[in-house]
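Presented below is the structure to which this report refers.
Because the structure is predicted, anything quoted here is derived from the model rather than measured. Every chain is numbered from 1 and lettered A, B, ... according to where its sequence line falls, protein lines coming before strand lines. For the numbers below, each heavy atom of this structure counts, side chains included, while hydrogens, waters and symmetry mates do not.
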Number of protein chains: 2
Amino acid sequence: MRPDDESEVVALPLFKDMKEEGVRLLLKGAYHQRFPSRIDLIQQGQPADFLYVVMEGQIEVFSSHRDRETTVSVLGPGDCFILAAVFLDQVYLKSARTLTSSRLLLLPAGAVREAMRIDPVFGHRMATELARGFRLLVKEVNNLKLRTSLERLANWILQQAPGSSPETSFIFPFDKKTLAARVGVTPEVLSRNFASLIPYGVTISGKSVIVKDRAVLEQFARPTPLIDDPTV
Amino acid sequence: MRPDDESEVVALPLFKDMKEEGVRLLLKGAYHQRFPSRIDLIQQGQPADFLYVVMEGQIEVFSSHRDRETTVSVLGPGDCFILAAVFLDQVYLKSARTLTSSRLLLLPAGAVREAMRIDPVFGHRMATELARGFRLLVKEVNNLKLRTSLERLANWILQQAPGSSPETSFIFPFDKKTLAARVGVTPEVLSRNFASLIPYGVTISGKSVIVKDRAVLEQFARPTPLIDDPTV
DNA sequence: TACTCGCCTTGATGTTTATCAAGTCTAAAG
DNA sequence: CTTTAGACTTGATAAACATCAAGGCGAGTA
């Protein structure tokens with residue numbers, strides 16, 4: 001790793017308050033690498049060799065079975081993925097690919113396990129990450145089992161819509177095809193769902209979304225912190 | 001806690017290899033209690049006061065939203081639940097009730113966090129539990145998004161069916177209503193799904209299930225370790 | 001300007017799942 | 001043995017979602 005890369009990496013919140021020894025251990029066999037857009041990073045079923053940390057770009061985490069495929073999550077800077085497989089030294093349950101050109105930090109799985117063992121700060125941080133990921137997944141299961149695809153979409157839009165004023169707007173952070181897989185429908189159904197949200201003041205044009213009145217959309221979407229608040 | 005209760009509790013795999021101090025800390029404010037069948041234990045949205053460990057009986061973990069409700073998992077002896085909420089000191093995302101008369105161990109949330117901090121063995125065990133729970137949930141999401149309800153049911157039956165001989169049978173471990181919520185369908189659809197599995201050699205009569213030929217059912221269900229093997 | 005390739009939309013149709021309304025069965029209580 | 005309440009099934013119908021097949025639309029290219 002180049003020296004200026006290393007200083008950026010060491011400054012990550014991930015490594016904050018760690019002892020020198022643990023950080024050195026982690027970075028010893030680490031890679032810091034750029035990847036082009038639309039590149040496969042890992043494949044489900046493979047042994048967990050590295051813990052991946054997103055420095056820059058967007059990563060799609062997905063699973064396939066038979067001829068079907070679905071997006072589990074879309075990650076951005078600061079997120080790490082497949083921690084559970086690394087910690088348990090088992091195979092990946094999910095695949096991952098870059099959605100955009102990305103920069104990633106790869107930490108060797110063995111070093112991660114060893115660092116968790118010798119550095120309580122890092123161990124605690126990884127446990128926190130696991131617990132947060134666990135809760136995110138519980139929310140995802142509830143989202144899938146307790147809502148229709150239209151409600152999921154409405155709540156996704158509310159999550160993206162910034163600010164607290166009645167009218168807000170934002171730009172799609174990725175393809176509609178990816179969003180469809182994320183919400184758990186086919187692209188065709190997503191398209192129709194957009195049309196169904198027009199009566200609630202949602203306008204889509206190209207890559208931008210306009211919400212006329214947050215409260216009106218909320219009345220349909222019925223968001224609840226127990227599913228939609230990522231900090232809870 | 002009564003002395004003979006305490007000796008049973010201390011012998012739990014959960015506490016194995018822990019230092020005296022950590023065990024004492026955990027058991028200081030702990031409760032060891034029997035609950036009748038069909039009793040609400042915790043409610044989603046409440047602060048996480050205790051970590052629950054199942055000693056005996058069956059616990060249904062479920063979530064509700066608006067007028068809908070769904071079963072997330074059904075737990076048995078040795079399982080613990082709502083660990084993530086306890087570790088992060090946040091509210092429960094799920095509710096839980098007894099399905100049968102049950103015996104539970106309740107460990108105070110603060111003591112659990114403190115024990116994780118001071119006892120590396122316990123900390124590691126809890127992290128392992130979190131990671132395993134995380135992977136179970138990933139499988140659950142894949143199961144929901146990549147399979148139809150009929151495929152989920154077929155795979156659930158294969159999971160329950162013991163042994164390796166072609167013909168096997170078992171008894172439903174809980175109500176069909178609960179199974180329906182677990183699989184993610186209404187009781188009516190579950191009933192119809194049973195009928196749809198007859199051509200694949202599945203016979204239901206009362207509380208017992210007979211699978212004529214494992215291989216035939218497998219050909220339809222297409223199980224994969226990445227979703228169906230709880231140890232992977 | 002025309003052209004072309006992806007992406008997205010729209011329409012027609014089929015499958016999967018939910019809902020409502022009877023019914024049947026079963027097991028426990030009288 | 002009858003009664004009865006709850007669990008389960010079955011039928012009819014509607015909603016949600018997927019699939020297949022065109023078509024539109026916009027960003028890049030010539």
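Between the side chain of E188(B) and the base of dC20(C), at least one donor-acceptor pair of N or O atoms lies under 3.5 Å.
Under a 3.5 Å cut-off, the side chain of S102(A) and the backbone N or O of T100(A) do form a donor-acceptor pair. Judged by distance alone, the side chain of T70(A) and the main-chain N or O of L146(B) form no donor-acceptor pair under 3.5 Å. At least one donor-acceptor pair closer than 3.5 Å links the side chain of N155(A) to the backbone N or O of E151(A). Without hydrogens or angle criteria, T168(B) side chain to S164(B) main chain gives no donor-acceptor distance under 3.5 Å.
Protein chain A contacts DNA chain D from dC17(D) to dC20(D), reading 5' to 3' and using non-hydrogen atoms of the protein with a distance under 4.0 Å.
Residue contacts for T148(B): at a heavy-atom cut-off of 4.0 Å it reaches the sugar-phosphate backbone alone, with no base atom in range.
The side chain of T186(B) places no N or O atom within less than 4.0 Å of a non-bridging phosphate oxygen (OP1 or OP2) of dT17(C).
Using cut-offs of 30° and 60° for the angle between ring planes, the W156(A) and F170(A) rings count as perpendicular.
Nearest to the side-chain atoms of R192(A) among the listed nucleotides dT9(C), dG11(C), dT17(C) stands dG11(C).
Closest approach of R147(A) and R152(A) over heavy atoms only: O-NH1, 3.0 Å.
Between the side chains of S149(B) and N193(B), at least one donor-acceptor pair of N or O atoms lies under 3.5 Å.
Nucleotides of DNA chain D nearest to V185(A) and F194(B) differ in position, and the one nearer the 5' end is that of F194(B).
The nearest whole Å value for the distance from the CG atom in N193(B) to the P atom in dT16(C) is 10 Å. Computed from coordinates, the D175(B) CG to dA27(C) P distance equals 13 Å when rounded to whole Å. Counting to the nearest Å, the C1' atom of dT24(C) and the CD1 atom of I204(B) are 18 Å from each other. Counting to the nearest Å, the C1' atom of dC8(C) and the CG atom of L190(A) are 10 Å from each other. Computed from coordinates, the K145(A) NZ to dT17(C) P distance equals 13 Å when rounded to whole Å. One interatomic measurement links the two molecules: CG of D67(B) to C1' of dT19(C), which rounds to 12 Å at whole-angstrom precision. Distance L179(A) CG to dC8(C) C1': 13 Å, rounded to the nearest Å.
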